Amino acid sequence: MNRLQAGVIVLVAGLATAVGVSGQTPAPARPAPAPQGASAANAEAGRKLFVSYGCYQCHGYEAQGSSATGPRLGPRPLQFAALSKYVRAPTGQMPPYTAKVLPDADLTIIYAFLQSRPAPQAVEDIPLLK
Amino acid sequence: MTKQPSVNRRDFLKSAAASSAAAGAAAFVPAAAANAQTPAASVPAAAPIAPRETDPPGEAEVLTTDRPGGDFMVDVLKSLNFEYVASNPGSSFRGIHESIINYGGNAAPEFLTCCHEESSIAMAHGYFKAEGKPMAVLCHGTVGMQHAAMAIYNAYCDRVPVYILAGNSLDATMRRPGVEWAHSVQDAAAMVRDFIKWDDLPFSLPHFAESAVRAYKIAMTPPMMPVLVVLDGGLQEDPISEEVKARLRIPRLTLTTPPQGDSGAVAEAARLLVNAQNPVIVADRVARTPAGMTRLIELAETLQAPVIDQGGRMNFPSRHPLNHSNGGRALIANADVILGLELTDFWGTVDAFRDSLVRASRSIVKPGTKLISINANDLYTKGNYQDFQRYPEVDIAMAADAEATLPALIEACKRLLTADRQRALQERGKKLAETHQNAMDRARAEAAYAWDASPISTARMAAELWAQIKNEDWSLVSESGNVSGWPMRLWNFDKPYRHFGDSGGAGVGYGAPAAVGAALSNRKRGRLSLTIQGDGDFMYAPGVWWTAAHHKIPLLAVMHNNRAYHQEVMHLQRMAGRHQRGITRAHIGTTIDNPNIDYAKIAQGMGVHAQGPIANANDLGPAIKRALEVVKRGEPSLIDVVTQPR
């Protein structure tokens with residue numbers, strides 16, 4: 001659906017610039033440390049919260065991101081503190097998610113989901129992308 | 001052939017009035033004069049000047065004619081070389097409809113049966129962008145125009161000429177009781193006049209001929225837009241009188257030469273561009289004809305300047321080393337000269353806007369950056385509908401057609417290039433080529449994320465499609481789903497017909513009918529037409545799939561079915577986040593599920609080969625292969641693909 005295409009373009013520009021974690025940005029060399037409460041066991045619960053809180057809308061069900069709406073969030077997401085800070089008070093086009101609507105505990109579980117995203121296959125191993 | 005007396009509805013009344021006046025002139029007393037002298041009750045009834053409508057027809061009533069006005073209208077349409085007229089049938093234009101299929105032999109124009117006027121207009125919209133000449137559309141002046149209005153607005157915003165003919169019944173005394181009154185209107189063009197370029201209501205057949213040719217010329221003059229000619233029912237159906245016949249002629253059509261930019265402004269623009277360190281060319285609706293892309297390539301290569309293609313038309317090859325559409329914002333921020341060619345929104349190109357609780361904007365260009373605009377829209381702007389966007393503060397504004405101006409601009413730039421300057425530009429070009437290659441590599445790497453996901457990722461869908469079409473002479477005729485720009489990032493768009501831009505006005509429902517219209521143009525050239533079909537768009541007027549099946553229009557439709565009006569899902573989420581409540585409820589009123597729509601079944605019900613829903617990425621490639629076999633047989637085929645949101 002593409003009713004406000006121009007609006008989307010503005011949105012893209014804002015997110016990519018403000019967050020600085022777009023798909024165009026190289027991933028950090030080391031995995032981000034897990035916050036307290038983030039574990040593999042939480043990953044599946046985190047997926048559900050990722051969907052129910054609407055994160056998937058801009059970042060995709062697998063957190064893979066979109067050049068049109070929002071950057072890739074995993075695997076190897078931003079440090080939790082940085083991510084949390086941005087979610088609470090975004091500086092780009094992303095709407096704010098305060099602790100009133102997205103408690104810290106749930107954000108932590110969502111973070112576990114982001115950390116659990118599998119690394120993609122190498123492009124060289126995907127015939128359609130060669 | 002038996003000659004019948006020429007009598008039309010008006011002439012019948014006129015002759016009746018004349019004979020009554022001649023026979024009873026002495027007895028006729030105007031009602032006002034009589035009232036002034038004697039009480040009305042005592043005045044004897046004046047003899048009627050014409051038979052009452054309720055009088056039974058006389059034995060000599062003429063029941064047939066061999067030459068209705070509609071036949072001449074068809075002659076005029078044939079002179080304008082229309083291939084097709086798209087229409088949902090309606091009684092207000094039954095006269096010309098019959099003339100098209102019988103007198104005109106249903107060829108040039110051929111009648112295309114549509115199920116909704118929005119489809120008729122959008123088919124004509126898509127057809128023009130593939131064909132380069134307008135399609136005619138017939139519709140009711142009332143309910144048909146009301147249905148057509150949104151699609152007309154899209155064409156208007158997209159600067160596309162659609163040639164609209166609307167039926168109406170002007171003579172109130174000749175209307176059939178009931179529906180014909182409800183389907184008649186004083187001013188049929190009024191409801192769309194704000195977003196068409198010109199309209200007329202011809203009073204006679206000679207008047208029609210002149211207006212029909214004039215409408216064509218106006219529609220085809222940049223900035224191109226829809227036009228409307230209203231056809232009176234009597235004019236279509238009544239016999240052509242001998243008096244009118246003697247005056248009939250079809251004026252010669254001479255299309256206007258598109259306006260070029262002022263020579264002084266062109267020279268100054270060339271000077272700025274050649275001397276710039278970081279010039280950027282931004283293109284939106286430049287390539288009005290296939291020559292547009294060739295000219296833009298020549299300008300970019302002359303300057304070794306990056307091109308940001310905003311995609312209103314197929315302006316620039318996606319794999320050209322100077323195509324930097326994905327790096328747009330950084331390039332704009334670093335530019336010292338920006339050339340905007342037929343931009344819909346120059347302001348939005350050089351400014352950032354934040355849609356937050358407090359809406360704010362800021363310029364993203366460096367102080368002193370020179371902005372040059374070449375835009376035919378500066379020649380014709382209307383006030384009511386606000387598609388003209390925010391006012392851009394530019395340094396040079398050429399009110400001209402960009403494609404027509406490019407040859408002069410290229411020559412002006414070449415004249416200014418010294419050998420030293422050319423060497424410097426070549427160095428810049430090498431760096432840009434490297435950046436372009438890096439962007440392509442990065443796109444492939446990003447496409448690998450969520451490769452096997454279900455719902456299927458839009459990158460995977462684009463890659464699967466590309467694998468099947470890359471060796472065909474393909475044409476992406478429409479793209480109503482937002483698939484994160486993956487086709488442009490992964491496919492090789494290298495010819496002027498590889499894509500045709502979007503709807504223009506962002507009115508949803510354009511995608512399917514525009515695809516069918518463009519595919520009709522591609523059919524005779526043997527091109528493979530494909531469309532990425534949004535689910536929301538599909539549901540606006542799905543009858544167009546029957547039209548595609550009925551007229552055997554080959555078209556591969558691959559659905560981007562994210563089961564939502566997803567743009568609106570995100571807007572609702574924005575509101576909920578901003579208001580700190582209900583962020584889990586943005587799906588209410590914005591999603592298209594529960595039950596999920598079986599699009600394949602809908603298409604099959606209208607005679608279209610269809611598959612799906614497909615949610616496993618590994619099933620997609622084989623499905624596309626099967627669909628292509630059908631399309632190559634000359635039929636439409638649809639694949640319902642359940643996808644990621646974007």
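Everything numeric in this text was worked out from a predicted model, so none of it was measured.
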Minimum heavy-atom separation for [X] to [Y], with atom names?
{"X": "A448(B)", "Y": "P120(A)", "answer": "O-CB, 3.6 Å"}
{"X": "I583(B)", "Y": "V101(A)", "answer": "CD1-O, 3.7 Å"}
{"X": "P645(B)", "Y": "G60(A)", "answer": "CD-CA, 4.4 Å"}
{"X": "Q64(A)", "Y": "Q644(B)", "answer": "NE2-OE1, 3.1 Å"}

*With a 4.5 angstrom heavy-atom cut-off, which part of N326(B) approaches chain A: side chain, backbone, both or neither?*
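It is neither, since no heavy atom gets under 4.5 Å.
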*Please flag which part of A445(B) lies under 4.5 Å from any non-hydrogen atom of chain A: side chain, backbone, both or neither.*
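When you check distances to chain A, atoms from both the backbone and side chain of A445(B) fall under 4.5 Å.
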_Other residues, nucleotides, ligands: >12 heavy atoms within 6.0 Å of R581(B) CZ_ =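 Result for CZ/R581(B): open.
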*Can you tell me if CZ on R88(A) sees more than 12 non-hydrogen neighbours from other groups inside 6.0 Å?*
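Yes, enclosed.
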*For chain B, which of L128(A), V51(A), L102(A) has the most heavy-atom pairs under 4.5 Å?*
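Between L128(A), V51(A), L102(A), the count favours L128(A).
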Rounded to the nearest 0.5 Å, what separates atom [atom1] in [X] from atom [atom2] in [Y]?
{"X": "Q567(B)", "Y": "Q57(A)", "atom1": "CD", "atom2": "CD", "answer": "11.0 Å"}
{"X": "C58(A)", "Y": "H566(B)", "atom1": "SG", "atom2": "NE2", "answer": "6.0 Å"}
{"X": "T98(A)", "Y": "Q580(B)", "atom1": "OG1", "atom2": "CD", "answer": "3.5 Å"}
{"X": "Y61(A)", "Y": "T643(B)", "atom1": "OH", "atom2": "OG1", "answer": "9.0 Å"}

*T584(B) side chain vs S52(A) backbone, donor-acceptor pair below 3.5 Å*: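 Checked: no pair found.
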*Of the backbone (N, CA, C, O) and the side chain (C-beta and beyond), which part of V123(A) lies under 4.5 Å from a heavy atom of chain B, both, or neither?*
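Only the side chain of V123(A) comes within 4.5 Å of chain B.
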*asked:* Quick check on L129(A) against chain B: is it the side chain, the backbone, both or neither that has a heavy atom closer than 4.5 Å?
replied: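 Contact with chain B: backbone and side chain both.
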Do [X] and [Y] come within less than 4.5 Å of each other through their side chains, counting heavy atoms only?
{"X": "R489(B)", "Y": "S67(A)", "result": "yes"}
{"X": "Q573(B)", "Y": "Y97(A)", "result": "yes"}
{"X": "Y449(B)", "Y": "P75(A)", "result": "yes"}

*Between R460(B), E464(B), Q310(B), which residue shows the highest count of heavy-atom pairs closer than 4.5 Å to chain A?*
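It is E464(B).
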*Option that, when pairs with chain A are counted at under 4.5 Å, heavy atom only, ranks first among R444(B), H587(B), R578(B)*: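 Option with the top pair count is R444(B).
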*Can you run down the side chain to side chain donor-acceptor pair (under 3.5 Å) pairs that involve residues 119-128 of chain A, sequence neighbours left out, and say none if there aren't any?*
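Applying side chain to side chain donor-acceptor pair (under 3.5 Å) to every pair that reaches into residues 119-128 of chain A, excluding sequence neighbours, yields nothing.
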